[in-house]
Amino acid sequence: MSRTMKQLFLFAAQLGGFALNLLLLVHAQNQSGFISIDCGLGEDSMYNDNPSGITYISDENFVATGERKLVLPEYRNKYSQSYDSLRSFPEGIRNCYKINVTSKTKYLIRAGFFYGNYDEQHEVPEFEIHLGPNLWDTVKSETDYNIELELIHVPLRNYVHVCLVKTGSGVPFISVIDLRPLNDDSYKTVKGSLSLLWRHDTGLTADLWGYRYPYDIHDRFWNHFDQPGSWTKLNTSSTINSEFEYQPPSVVMGTAATPNSSNDPWNIFWQPDTEVYHVYLHFAEVEKLQPNQSRQFNITTNGELCNGTLAPDYLSTTTIFCTAESLSGSGVQNNLSIIKTGNSTLPPILNAYEIYKVKEYLISDTNQDDVEAITNIKSTYNIEKNWQGDPCNPQVYSWEGLNCSYHGNDPPRIISLNLSSSGLEG
Ligand SMILES: *[C@@H]1O[C@H](CO)[C@@H](O)[C@H](O)[C@H]1NC(C)=O
Ligand SMILES: *[C@@H]1O[C@H](CO)[C@@H](O)[C@H](O)[C@H]1NC(C)=O
Ligand SMILES: *[C@@H]1O[C@H](CO)[C@@H](O)[C@H](O)[C@H]1NC(C)=O
Ligand SMILES: *[C@@H]1O[C@H](CO)[C@@H](O)[C@H](O)[C@H]1NC(C)=O
Ligand SMILES: *[C@@H]1O[C@H](CO)[C@@H](O)[C@H](O)[C@H]1NC(C)=O
Ligand SMILES: *[C@@H]1O[C@H](CO)[C@@H](O)[C@H](O)[C@H]1NC(C)=O
Ligand SMILES: *[C@@H]1O[C@H](CO)[C@@H](O)[C@H](O)[C@H]1NC(C)=O
Ligand SMILES: *[C@@H]1O[C@H](CO)[C@@H](O)[C@H](O)[C@H]1NC(C)=O
Ligand SMILES: *[C@@H]1O[C@H](CO)[C@@H](O)[C@H](O)[C@H]1NC(C)=O
Ligand SMILES: *[C@@H]1O[C@H](CO)[C@@H](O)[C@H](O)[C@H]1NC(C)=O
Ligand SMILES: CC(=O)N[C@H]1CO[C@H](CO)[C@@H](O)[C@@H]1O
């Protein structure tokens, strides 16, 4: 290649890079604050997911261990591209991703898993996922289906650790990690984080799984939910105004379901495995009511009034928040009822709803100054030990060679360090 041609080539490459950066900038504006990690994707790779258009990047810069794998060909293209690859962790008990975030911002954190017989063992592993030092959930996946776990959580540090922990039944793995900023005044909790049970779009007639980004600017997944035969479905093609805290998408709010028999309540039941649940009900009237018509209802959780006499506004979203305290006794279900008031000429409606478990994460990260100091030591001396996640917590996985002091729920301190086994002298 001649010198001029080389320069031209370089120039073109720079232009190409510029165009890519410009494209990413446009996307970055739309996907403000999104962190979209495709685990097991090749180093430095990225792509725009179809059809969401979300830019996914490789996990290489977020994790130091593990192996890149692909699901078997017959399992590819079953879900979004992010589920075709995964990262598995045959070595070590606990392996962690470290992801930079904006501290004190409310995030939806989603982890996705699809085994897809990647190791040709036909044996789905079971393991734990931890958020920092706290247990998030136990991952029991299936060969043929993906699973998704979601948390609404406010990180106190400018990073989060997502850790996969072996429990003795197979090799942990992960397919995808999403972080999406949420409005601070939505999904409020007095204490604790919220772990998703259900997020349902009711009344959808089209044959769709549901909706996510770009319909939902926060990229929540609204799953098509039906109880065939027991509902009448209503819809409108008008836009629903949702410019409030929760911002459920207009397409989700544009469909609603009402009980068939006009005097029946709208009931939802679920089996509790946590003490307290948060329920968010999204309502909007989709029918233009005549002067002699009315739609009014009360909402109860476990028989207790949560919100009395609500009449949804025409083409505008009202979100009602209820708590449900689980009742003691095995097999006792939690219930939510939407009950027509005596005055109402029309049955209740429901456009969409979300149910979350309240999870208290009591174990704190190690003292921030100590974490910074030890992280500097780790990178300066290029320590090869399996130092991942929080240094001191949980205590069972504290870093080898460290001694920590613990005082109740306060952040632990690092009190001493023994590097003699790391090949360091002096
Ligand atoms: C960004 O969003 C705007 C409107 O919200 C849309 O018109 C545009 O196509 C989007 N751009 C990309 C690259 O997704
Ligand atoms: C995360 O932030 C730290 C500084 O706070 C920086 O050194 C590091 O490179 C960042 N990591 C990534 C993957 O961007
Ligand atoms: C809206 O209702 C009509 C008539 O019931 C139906 O044909 C159409 O599929 C519905 N649209 C959606 C988006 O559910
Ligand atoms: C409820 O209404 C829908 C639509 O009007 C109808 O298809 C269904 O058969 C009804 N179910 C019952 C149990 O009446
Ligand atoms: C409401 O008024 C319409 C005529 O405007 C009538 O056909 C209908 O029966 C009335 N409905 C009720 C519940 O009174
Ligand atoms: C809901 O739970 C409350 C409290 O256990 C109970 O009194 C009520 O009958 C239940 N409602 C339904 C519809 O099962
Ligand atoms: C609905 O709630 C109101 C309080 O807002 C109460 O007065 C009324 O009795 C309730 N009606 C039903 C049917 O539960
Ligand atoms: C019942 O309807 C009447 C007339 O619309 C209204 O004045 C009254 O406040 C309503 N009662 C309740 C409990 O909503
Ligand atoms: C950690 O503390 C224990 C008990 O105080 C002590 O025996 C051990 O030598 C300490 N280890 C290091 C690395 O300082
Ligand atoms: C430091 O670690 C080495 C190797 O693990 C061990 O032999 C030595 O006793 C440790 N020193 C202290 C003070 O714990
Ligand atoms: C009785 C009661 O709690 N009513 C409230 C139901 O929710 C609507 C919308 O948030 C409020 O305006 C009512 O006051």
Side-chain angles (χ1 to χ4, degrees), residues 30 51-53 106 108 110 150 152 180-183 185-188 194 196-228 230-260 265-268 278-290 293-299 301 306-307 309-322 336-340 344 346-356:
N30 280 16
S52 73
K106 189 168 286 177
L108 181 160
R110 182 166 47 222
E150 267 190 34
I152 294 176
R180 312 287 183 237
L182 296 171
N183 294 336
D185 50 5
S186 65
Y187 306 106
K188 284 185 183 161
L194 299 174
L196 182 68
L197 177 66
W198 293 329
R199 184 183 299 112
H200 286 158
D201 177 5
T202 51
L204 188 62
T205 46
D207 185 20
L208 291 172
W209 72 269
Y211 294 102
R212 66 178 289 191
Y213 189 85
Y215 296 99
D216 186 332
I217 61 163
H218 300 296
D219 193 32
R220 287 161 295 187
F221 293 179
W222 299 87
N223 290 295
H224 184 173
F225 182 65
D226 210 347
Q227 285 186 340
S230 56
W231 295 342
T232 304
K233 293 170 188 172
L234 305 174
N235 74 54
T236 174
S237 52
S238 302
T239 303
I240 310 275
N241 176 18
S242 282
E243 294 304 310
F244 310 111
E245 304 95 306
Y246 293 91
Q247 300 172 297
S250 179
V251 280
V252 168
M253 294 307 294
T255 60
T258 77
N260 256 11
W266 218 114
N267 288 323
I268 301 166
H278 278 192
V279 181
Y280 302 88
L281 302 158
H282 306 285
F283 299 101
E285 183 56 78
V286 294
E287 292 186 315
K288 184 96 195 113
L289 303 190
Q290 299 306 309
Q293 290 183 309
S294 66
R295 194 190 307 277
Q296 288 186 342
F297 43 80
N298 286 358
I299 301 158
T301 46
C306 159
N307 189 284
T309 332
L310 179 74
D313 294 330
Y314 183 54
L315 304 183
S316 182
T317 298
T318 303
T319 297
I320 299 292
F321 158 63
C322 304
L336 173 98
S337 298
I338 307 173
I339 310 156
K340 181 178 179 289
S344 183
L346 295 169
I349 58 169
L350 181 61
N351 307 59
Y353 67 98
E354 303 169 75
I355 303 179
Y356 295 86

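We're numbering straight along the sequence, starting at 1. Bear in mind the structure is a predicted one, so any value in this text is a computation, not a measurement.
Remark: the backbone N or O of Y213 is not paired with any side-chain donor or acceptor of S52 at under 3.5 angstrom. Between the N223 side chain and the G210 main chain, no donor and acceptor come within less than 3.5 Å of each other. Between the side chain of S316 and the backbone N or O of D313, no donor-acceptor pair lies under 3.5 Å. The backbone N or O of C322 sits nowhere less than 3.5 Å from a side-chain atom of T301 that would complete a donor-acceptor pair. Judged by distance alone, with hydrogens and angles left aside, the side-chain atoms of T202 form no donor-acceptor pair with the main-chain N or O of D226 at under 3.5 Å. Side-chain atoms of E285 come within 3.5 Å of backbone atoms of E287 as a donor-acceptor pair (strictly under, hydrogens ignored). Within the 3.5 Å criterion, the main-chain N or O of E243 finds a donor-acceptor partner in the side chain of N241. With hydrogens and angles ignored, the 3.5 Å screen pairs no side-chain donor or acceptor of T258 with any backbone N or O of I349. The backbone N or O of L204 sits less than 3.5 Å from a side-chain atom of H224, completing a donor-acceptor pair.
In this pair, H278 and Y280 present their aromatic rings perpendicular. The plane angle is above 60°, beyond the 30 to 60° band. Ring planes of W266 and W231: tilted class, angle from 30 to 60°. F283 and F297 have tilted rings, their planes meeting at an angle from 30° to 60° on a 0 to 90° scale.
The side-chain contact (heavy atoms from CB on, under 4.5 Å) test applied to S186 returns L182, N183, E245, Y246, not counting sequence neighbours. For S337, the side-chain hydrogen bond (donor to acceptor under 3.5 Å, both in side chains) test picks out N267, with sequence neighbours left out.
Nearest approach of P348 to P259, heavy atoms of both residues: O-CD, 3.2 Å. Considering all non-hydrogen atoms of both residues, A352 and V252 come closest at CB-CG1, 3.6 Å. Between M253 and N351, the closest heavy-atom pair is O-ND2, 2.8 Å.
For R199 and Y356, the side-chain atoms include at least one donor-acceptor pair closer than 3.5 Å. A donor-acceptor contact closer than 3.5 angstrom links the side chains of N260 and T232. Side-chain atoms of E354 and H282 include a donor-acceptor pair closer than 3.5 Å.
Going from atom CZ of R220 over to atom CG of D201 covers 12.0 Å, rounded to the nearest 0.5 Å. For the atom pair Y353 OH and F225 CZ, the distance stands at 4.0 Å (nearest 0.5 Å). Considering NZ of K288 and CG of L315, their distance stands at 8.0 Å, rounded to 0.5 Å. With rounding to the nearest 0.5 Å, the separation of CD1 in I268 from CG in L350 is 5.5 Å. Between atom CZ of residue R110 and atom CZ of residue R180 there is a gap of 5.5 Å, rounded to the nearest 0.5 Å. Summarising the geometry, atom OG belonging to S344 is positioned 12.5 Å from atom CD1 belonging to I339; distances are rounded to the nearest 0.5 Å.
Counting heavy-atom neighbours within 6.0 Å of Y215 OH, excluding the residue itself, gives a total of 12 or less.
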